[in-house]
Amino acid sequence: MQPTPKLDRIDLKILTQLQRNGRLTNVELANRVGLSASPCLIRVKRLEAAGYITGYGAQIDIRKITSILTVFTEITLSDHRRHDFARFEGHISKLDTVVECHLISGGYDYLVKFVTRDVEHYQTIMENLLELNIGIEKYFSYIVIKSPIVKESFPIQDFFPEQKI
């Protein structure tokens, strides 16, 4: 395994550009970050090898294909031993309808984001999870009415103000 390279201003520019548009050609990317094509490609390959770039893909507007229901669910486990968390995470990770799962601090253990066909579909999923006996003590559901802001990229420049990206 290669050592993780330290990121400089150009690397951060590359990451910023690629998260905005992963379909940029190497020449377009090089022009945007102020490099020639060959050094730019070397940097991109290095960033990929180091795991900074984990993949490329299309962002799909699922609502153009079908209607969906997004539900945020607070889940509290009955026990809090390491294997209780592992058992829960092992089962929840297998569900295609789970698009995010966060172990959090506060009044409950997990915040899980489900995307389902409708309320009945969501309720069936939750009933099946409860029947698995994976340690769910209680859960609270919050149905999303509207998502006025959903961002697909991170403000990299805000985390490195000294770099002037």
Side-chain angles (χ1 to χ4, degrees), residues 1-5 7 11-25 29 44-160 165:
M1 179 149 172
Q2 296 181 343
T4 305
L7 299 177
D11 293 326
L12 295 172
K13 280 185 175 183
I14 289 170
L15 293 174
T16 298
Q17 291 300 318
L18 286 176
Q19 79 171 347
R20 288 182 184 154
N21 183 356
R23 295 185 64 168
L24 285 174
T25 67
L29 179 60
V44 169
K45 296 295 183 194
R46 188 187 76 215
L47 291 167
E48 290 171 348
Y52 288 108
I53 298 172
T54 58
Y56 300 88
Q59 295 171 353
I60 307 298
D61 185 351
I62 191 70
R63 287 178 175 81
K64 293 212 182 250
I65 301 169
T66 187
S67 62
I68 64 165
L69 177 75
T70 301
V71 183
F72 286 94
T73 307
E74 298 174 355
I75 296 177
T76 301
L77 300 183
S78 52
D79 294 305
H80 295 93
R81 296 171 301 234
R82 186 176 303 167
H83 72 271
D84 298 315
F85 291 106
R87 178 180 58 183
F88 173 79
E89 291 172 16
H91 280 85
I92 203 92
S93 67
K94 296 175 187 166
L95 296 177
D96 290 338
T97 54
V98 172
V99 295
E100 293 181 23
C101 178
H102 307 275
L103 176 62
I104 62 167
S105 64
Y108 50 95
D109 298 314
Y110 288 94
L111 180 62
V112 182
K113 181 179 178 182
F114 290 88
V115 177
T116 66
R117 291 187 303 272
D118 51 37
V119 172
E120 292 79 18
H121 183 214
Y122 169 73
Q123 189 58 37
T124 299
I125 292 164
M126 290 309 299
E127 288 169 358
N128 290 340
L129 281 173
L130 292 170
E131 287 176 7
L132 286 173
N133 234 359
I134 58 173
I136 298 174
E137 179 180 316
K138 62 184 175 182
Y139 70 95
F140 295 96
S141 306
Y142 302 91
I143 294 174
V144 174
I145 305 301
K146 180 179 172 183
S147 298
I149 300 170
V150 177
K151 296 181 179 180
E152 300 294 336
S153 62
F154 298 101
I156 293 174
Q157 67 282 354
D158 290 351
F159 294 97
F160 300 93
I165 301 171

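Every value quoted in this text rests on a predicted model; they were computed, and no experiment measured them. Atom set for the values below is all heavy atoms of this structure, side chains included, hydrogens, waters and symmetry mates excluded.
- Residue R20 holds its CZ atom at 11.0 Å from CG of L18, rounded to the nearest 0.5 Å.
- With rounding to the nearest 0.5 Å, the separation of OG in S78 from NZ in K138 is 11.5 Å.
- Pairs passing the ring pair (Phe, Tyr, Trp, His ring centres under 6.0 Å) check and including a residue from residues 94-114, sequence neighbours excluded, read F88-Y110, F114-Y122.
- Sorted pairs that involve residues 138-157 and meet ring pair (Phe, Tyr, Trp, His ring centres under 6.0 Å), not counting sequence neighbours, are lacking altogether.
- Residue H121 forms a side-chain contact (heavy atoms from CB on, under 4.5 Å) with just one option from T97, I68, V71, and that option is T97.
- When all heavy atoms of V112 and C101 are compared, the closest pair comes out as CG2-SG, 3.9 Å.
- Between the CG atom of L7 and the CG atom of L15 there is a distance of 6.5 Å, given to the nearest 0.5 Å.
- Atom CG of D61 has more than 12 neighbouring heavy atoms from other residues, nucleotides or ligands inside a 6.0 Å radius.
- Scored by the side-chain hydrogen bond (donor to acceptor under 3.5 Å, both in side chains) test, E48 finds Y56 as partners (sequence neighbours excluded).
- To the nearest 0.5 Å, atom NZ of residue K94 and atom CG of residue L132 are 9.0 Å apart.
- L129 is listed as a side-chain neighbour of I136, based on a closest heavy-atom distance under 4.5 Å.
- If you take CG on N128 and CD on Q123, they are separated by 10.0 Å, rounding to the nearest 0.5 Å.
- Residues L29 and I14 come closest through the heavy atom pair CD2-CG2, 4.1 Å.
- Contact annotation: the side chain of T116 never approaches that of T70 to less than 4.5 Å [non-hydrogen atoms, C-beta and beyond].
- The shortest side-chain heavy-atom distance between V115 and L69 does not fall under the 4.5 Å cut-off.
- Residues D109 and E74 form no side-chain contact, since every pair of their non-hydrogen atoms from C-beta on lies 4.5 Å or further apart.
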Review point. Going through the checks in order, is the side-chain contact (heavy atoms from CB on, under 4.5 Å) test met by K13 and I156?
Key: CA-CA 9 Å; K13 280 185 175 183; I156 293 174; over 6 Å; no

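- Evaluation of the side chain to side chain contact (heavy atoms under 4.5 Å, CB included) rule for R81 yields D79, H83, D84 as partners, not counting sequence neighbours.
- In this structure, the separation between CD on E137 and CG on L77 is 8.5 Å, given to the nearest 0.5 Å.
- Within the structure, side chain to side chain donor-acceptor pair (under 3.5 Å) contacts touching residues 149-159 (residues at least two apart or in different chains) do not occur.
- The side-chain hydrogen bond (donor to acceptor under 3.5 Å, both in side chains) search around D11 returns R43, R46, not counting sequence neighbours.
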